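The shown structure was predicted, so the numbers you read here are calculated from the model rather than taken from an experiment. These values consider heavy atoms only, across backbone and side chains, with no hydrogens, waters or symmetry-generated copies. Order of the sequence lines fixes the chain letters, A, B, ..., with proteins taken first and strands second; residue numbering starts at 1 for each chain.
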Protein chains: 2
Amino acid sequence: MTFSEENYLKTIYHLTTASDSEVSTNAIAEKMETKASSVTDMLKKLADKGLVNYKKYQGVSLTEEGKLAAKMIVRKHRLWEVFLVEKLGFSWDEVHDIAEQLEHIKSEKLINKLDDFLDNPTEDPHGDPIPDREGRIVKIEKQLLSELSENQFGICVGVKDTSSEFLKYLDKQEIALGSKIEFLSKESFDLSLRIKVNGKELTISNKIASNLFVKLV
Amino acid sequence: MTFSEENYLKTIYHLTTASDSEVSTNAIAEKMETKASSVTDMLKKLADKGLVNYKKYQGVSLTEEGKLAAKMIVRKHRLWEVFLVEKLGFSWDEVHDIAEQLEHIKSEKLINKLDDFLDNPTEDPHGDPIPDREGRIVKIEKQLLSELSENQFGICVGVKDTSSEFLKYLDKQEIALGSKIEFLSKESFDLSLRIKVNGKELTISNKIASNLFVKLV
DNA sequence: AATTATTTTTAGACAAAACTAAAAATTATA
DNA sequence: TATAATTTTTAGTTTTGTCTAAAAATAATT
Ligand SMILES: [Mn+2]
Ligand SMILES: [Mn+2]
Ligand SMILES: [Mn+2]
Ligand SMILES: [Mn+2]
């Protein structure tokens with residue numbers, strides 16, 4: 001399997017698990033920053049290989065085989081991210097681009113040894129679940145901070161947006177995975193939130209709050 | 001720089017440091033298991049980029065820039081090999097193929113952090129020197145076991161052939177980096193050697209002896 | 001229902017990196 | 001030195017993955 005094929009599979013996987021339906025040619029093109037015609041070409045190839053279900057003009061989904069392949073790429077990506085943060089001391093906003101390269105290294109033995117070396121983590125540095133060697137994923141209970149009601153408490157367990165800008169913003173506000181967040185109030189005009197983290201009160205926009213996953217406590 | 005360009009640079013580097021002269025199109029083709037015409041195409045491209053000195057029919061050598069680039073690829077290859085053996089528990093005959101992939105990962109910060117994580121090793125699992133971040137190499141004193149004289153002692157410090165078959169043979173004979181080897185005698189008929197390792201006497205062919213580097217003690 | 005807008009596919013082209021076959025240059029040999 | 005053998009380069013294809021422009025299909029609006 002080529003890097004390009006792997007990247008398409010991964011994108012289709014992310015798009016289908018996000019929306020839980022068939023995904024359109026344009027959606028793939030936009031996510032991959034390429035042209036729709038290129039996507040069509042690749043979908044035909046992936047369909048020939050039995051990795052996707054594709055009928056002209058009807059959108060696309062992964063076959064069982066394609067889904068497993070995609071999960072293995074995601075597994076590699078997230079395990080390498082854990083390695084970079086836990087062992088090499090990278091910060092969580094630096095690891096994604098490097099993991100985009102490392103996820104294409106082909107060796108099942110390597111990734112399983114890496115898994116063991118890292119003590120078989122179930123989540124990556126952004127709170128995303130890591131598929132095990134059979135492709136199984138343990139879903140964790142979580143909801144967006146923006147969906148909490150007043151005076152509820154949540155533990156930060158993940159981020160929806162994993163861009164460097166957002167992660168650096170969180171660093172600045174001293175919000176990290178594991179941070180306890182108290183939802184104080186919501187401003188009805190702009191939906192901004194008043195919260196309390198690390199003993200400090202803070203106002204955050206709705207955009208921030210709807211990119212932070214928390215677990216109710 | 002593409003993977004292919006990097007592989008050509010690395011091959012030219014190995015061939016020029018082995019023979020210390022201009023290297024031929026055919027030599028590159030043979031080492032890379034490709035055709036001479038493909039090599040010619042690539043040499044033109046590398047020359048355009050200022051990475052090699054190339055004149056038609058005259059052979060090729062690396063420019064300073066090309067040499068540094070090649071050294072950085074070798075550095076990555078060998079550091080990853082150390083990681084695979086020291087941290088993940090691979091044996092020395094399993095790591096080369098995986099390192100062939102990992103050497104193309106692009107991130108200077110990654111490789112320098114890996115270097116520190118491994119405590120800045122100066123040699124890889126096969127006894128080959130690891131260039132530092134400026135490309136400097138500390139050459140170690142070594143000679144082939146086949147060049148020793150009777151009753152001399154040597155410490156095994158490296159292998160010339162790094163094929164899996166040879167390395168597994170050494171494992172079987174319990175010869176590893178650091179093993180103390182006593183040269184007992186040489187059979188003039190076939191140049192085979194009688195040696196003593198780990199208290200045991202052993203007969204090895206000349207082919208074996210001329211692929212084992214030792215340091216005189 | 002007909003027209004318009006959007007999405008998707010097809011057709012044709014291009015760059016990278018490989019190949020085969022043939023030509024040109026170099027090297028070896030008689 | 002002339003001829004033969006070898007090496008290297010050139011010319012022309014192929015495959016992969018991309019692109020643009022045009023055609024076809026689908027979806028949205030009058
Ligand atoms: Mn990532
Ligand atoms: Mn992640
Ligand atoms: Mn190696
Ligand atoms: Mn090595």
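- For A:S38, a side-chain nitrogen or oxygen approaches OP1 or OP2 of D:dC19 to under 4.0 Å.
- Backbone-only contact: B:S4 has heavy atoms under 4.0 Å from sugar-phosphate atoms and none from a base.
- B:Y54 comes within 4.0 angstrom of the backbone, heavy atoms only, and of no base.
- Atom CZ in A:F3 sits roughly 18 Å away from atom P in C:dA16 (whole-Å rounding).
- Between B:F83 and A:F83, the ring centre distance stays below 6.0 Å.
- Side-chain contact annotation: A:S61 with A:E22, donor-acceptor N/O pair under 3.5 Å present.
- The residue A:T25 sits close only to the backbone: its heavy atoms come under 4.0 Å of sugar-phosphate atoms, none of a base.
- Judged by distance alone, with hydrogens and angles left aside, A:T40 brings no side-chain donor or acceptor close enough to the base of C:dT10 to form a pair under 3.5 Å.
- For the pair A:Q173 (side chain) and A:L170 (backbone), a donor-acceptor distance under 3.5 Å is absent.
- Less than 6.0 angstrom separates the ring centroid of B:H77 from the ring centroid of B:H96.
- The nearest whole Å value for the distance from the CG atom in B:L43 to the P atom in D:dT10 is 11 Å.
- If you take NZ of B:K56 and P of D:dT7, they are 20 Å apart, rounded to a whole angstrom.
- The distance from atom NZ of A:K44 to atom P of D:dT16 is 14 Å, rounded to the nearest whole Å.
- Between the P atom of C:dT7 and the CD atom of A:E30 lies a distance of 10 Å, rounded to the nearest Å.
- Rounding to whole angstrom units, NZ of residue A:K35 and P of D:dA22 are separated by 15 Å.
- Note: CG (A:N26) to C1' (C:dT9) measures 12 Å, nearest angstrom.
- The CD atom of B:E22 sits 15 Å away from the C1' atom of D:dT8 (whole-angstrom rounding).
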